[in-house]
Amino acid sequence: MSGTPPSGSVEALRAEALAAVEAATTAEAVEALRSAWLGRSGRLQDVLRGIGALPPEQRGPVGKAANEAKGAVEAAIDVRLAALRSAHEGALADREWVDPTMPLAAVAPAAAPAATGRGLGLVHPVSGMRRELEDICLSMGLEVLDGPWVEDEWHNFEALNIPRDHPARDSHDTTWLEDGNLLRTHTSPVQIRTMATRKPPIRAVAVGRVFRHEALDASHENTFHQLEGIFVDRDVHVGHLVSTLRTLLGEVFRRDVEVRLRPSFFPFTEPSFELDVRCLVCGGTGCAVCKRTGWVELLGCGLIHPNVLRAGGIDPATWSGFAFGLGVDRLTMMRHGIEDIRHFAAGDLRFLRQFAGGLVG
Ligand code: PHE
C-alpha cells in the first residue's frame, strides 16, 4: 500500500478542508488553510504528487477527485474571505456610526463653556461672513474659486497692469519673501488665474486672506479679507456691475441697499470706481460708522482694463468684463457694529464669544 489514499479518502480530505474553512473566523486563519491544503506542500497537493505510485486503474479517479477537491476548497476559501471582510466592514460601520444632525449639546453635554473652560467651537465672525458670501454667490449662479496666498510678482502686479515702477505699488505695502515671491496684497491675482484657466463667459468670485505690510489702526490690519468678483462676457457695461453688486449687497444685508459710485483709479480697471452704500447703522443721517457722511465705502470696482484681459489670454476686441474687490472685514464690522478691525485677529475669546450665533454644529 502506498501513502496515497484512494478516491474515497480524497472525499474525506475534501470534507475536512471545507469544514476547516467554514470554521475559520479570521482572514489570516483562512490564508493559513490555503497554504496548508493547496500550497506546494499542502495536503491535497500531496495526493496529486503521490498519484504515480497508485495502481494504474486508480490514477484517473483519484486525480480527478483531488483536482475537484482543490477547486472546491479554493472556491470555499474565496467565499469565506469575502464573508469575513463584509462582516468586518459591517462591524466598523456600526462602531463608527455618526449622526451629523445630532445637536452638539446632546453629544457633549459637559462641553458647555462654563463647565470645562474649553467650550464648543465658534465660527469667527469673519469666517461666518465669508461663508455667507460664498452661499449667496453660489445662489446667484457664480463660481466660487480660490487662489494662493503666496503669489508671484507677475500675478499680483504685472499682469494687473502695475509694472515695477508704477506708483500704485506704493499703496500695496508688500511682504516680500526671500525667494522673490510675495504675500498677495489683494485677491485680484485670482482674476488672472481665472481668465487663464477658463473661457468666457466667466462669472466667478474668490474670497480669501490678503496681506499688507502697513501700520495698524482701527481700520487697518496687516492681514484682512477680500471678496474678488470677475465677470467676462460680450458687451459688459457699468450697469451690469451696479446691478450685480446691488443684488449681492441686498442679500448680505437682507434689504434694499442704496449704492453710489465715485470715480476712482485702479490700474487694472478702466473706468474705476469706489462703491459706497448708504450707512445701514444710521440710515444716512450721519453717525460714527459713516464718519457723519451718511455713506460707507465698501469696495473698489470697474471695467476690466484691456491689458488685463490680454494678460489673462482673453481678446479685448471680443470680450469685456467687470471686477470688484470687497473688504470682507469691513462688511463684517458693519454687520455687527464692530468699531475696531484689530479685534478680529487679537484672539480675545471674550470678543469672539459675542458671535456665538455662529456655533459650530
Ligand atoms: N484689488 C483692489 C484693492 O485691493 C480692489 C479692486 C478689485 C478694485 C477689483 C477694482 C477691481 O484695492
Side-chain angles (χ1 to χ4, degrees), residues 126 130 133 137 142-149 151-163 166-175 182-195 202-214 219-233 236-238 240-245 248-249 259-277 296-312 314 316 319-331 341:
V126 172
R130 182 184 166 153
L133 285 167
C137 290
L142 315 181
E143 242 187 304
V144 176
L145 305 172
D146 210 353
W149 289 353
E151 269 294 4
D152 51 55
E153 193 174 355
W154 192 76
H155 283 93
N156 197 83
F157 290 126
E158 247 127 87
L160 289 162
N161 206 26
I162 318 177
H166 195 288
R169 287 213 186 182
D170 293 346
S171 64
H172 287 240
D173 305 84
T174 309
T175 307
L182 50 88
L183 297 182
R184 67 178 181 188
T185 57
H186 51 174
T187 43
S188 297
V190 180
Q191 288 186 35
I192 305 298
R193 295 186 177 278
T194 305
M195 289 191 278
I202 295 171
R203 294 181 175 81
V205 293
V207 49
R209 196 174 278 253
V210 301
F211 308 84
R212 301 252 174 118
H213 191 67
E214 60 189 2
S219 49
H220 292 90
E221 251 295 4
N222 52 23
T223 157
F224 53 103
H225 302 77
Q226 290 185 334
L227 173 79
E228 190 82 15
I230 168 170
F231 286 60
V232 180
D233 209 328
V236 172
H237 54 73
V238 175
H240 297 119
L241 165 63
V242 173
S243 74
T244 303
L245 286 170
L248 178 60
L249 295 170
V259 303
R260 73 173 185 193
L261 292 183
R262 281 180 294 114
S264 183
F265 175 79
F266 300 103
F268 33 90
T269 46
E270 179 58 37
S272 303
F273 308 97
E274 298 282 348
L275 181 139
D276 299 342
V277 288
V296 177
E297 180 186 320
L298 214 51
L299 59 89
C301 56
L303 298 185
I304 301 175
H305 196 289
N307 288 352
V308 176
L309 289 170
R310 241 175 258 124
I314 289 176
W319 303 100
S320 49
F322 69 80
F324 61 87
L326 170 107
V328 177
D329 304 73
R330 189 166 292 180
L331 199 63
I341 194 174

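Keep in mind that this is a model prediction, so the values were computed, not measured. Counting starts at 1 for both ligands and their atoms, following the listed order.
- Using a 30° and 60° split on the angle between ring planes, Phe231 and Phe322 fall in the parallel class, below 30°.
- Expressed to the nearest 0.5 Å, how far CD of Gln226 lies from CG of Leu331 amounts to 12.5 Å.
- By the 3.5 Å distance cut-off applied to N or O atoms, Glu228 is not counted among the residues near ligand 1.
- Phe322 does not count as a contact of ligand 1, since none of its heavy atoms falls under 4.0 Å from the ligand.
- Summarising the contacts of atom 2 (C) of ligand 1 with Phe324, Phe273, Phe224, Phe268, the nearest heavy atom is found in Phe268.
- The part of Ser188 lying near ligand 1 is the side chain, judged by heavy-atom distances below 4.0 Å.
- The protein atom (non-hydrogen) at minimum distance from atom 5 (C) of ligand 1 is Gly325 CA, 4.0 Å.
- In this structure, of Gln226, Glu274, His305, the residue bringing a heavy atom nearest to atom 3 (C) of ligand 1 is Gln226.
- Separation of the Phe266 and His186 ring centroids does not fall under the 6.0 Å cut-off.
- Of all atoms in ligand 1, listed by their number and element, those nearer than 4.0 Å to a heavy atom of Cys301 are 8 (C), 10 (C), 11 (C).
- Exactly one residue among His213, His172, Glu151 makes a side-chain hydrogen bond (donor to acceptor under 3.5 Å, both in side chains) with Thr185. That residue is His172.
- The proximity of Arg212 to ligand 1, defined as any non-hydrogen pair under 4.0 Å, is limited to the side chain.
- Within the 3.5 Å criterion, the main-chain N or O of Phe268 finds no donor-acceptor partner in the side chain of Asn161.
- The contact set between ligand 1 and Gly300, taken as ligand atoms under 4.0 Å from a residue heavy atom, comprises 6 (C), 8 (C), 10 (C), 11 (C).
- The line from CG of Asn222 to CG of Leu183 is 10.0 Å long, rounded to the nearest 0.5 Å.
- Of all atoms in ligand 1, numbered sequentially from 1 with element shown, those under 4.0 Å from a heavy atom of Gln191 are 9 (C).
- Checking side-chain atoms of Arg169 against main-chain N and O of Ile162 turns up a donor-acceptor pair under 3.5 Å.
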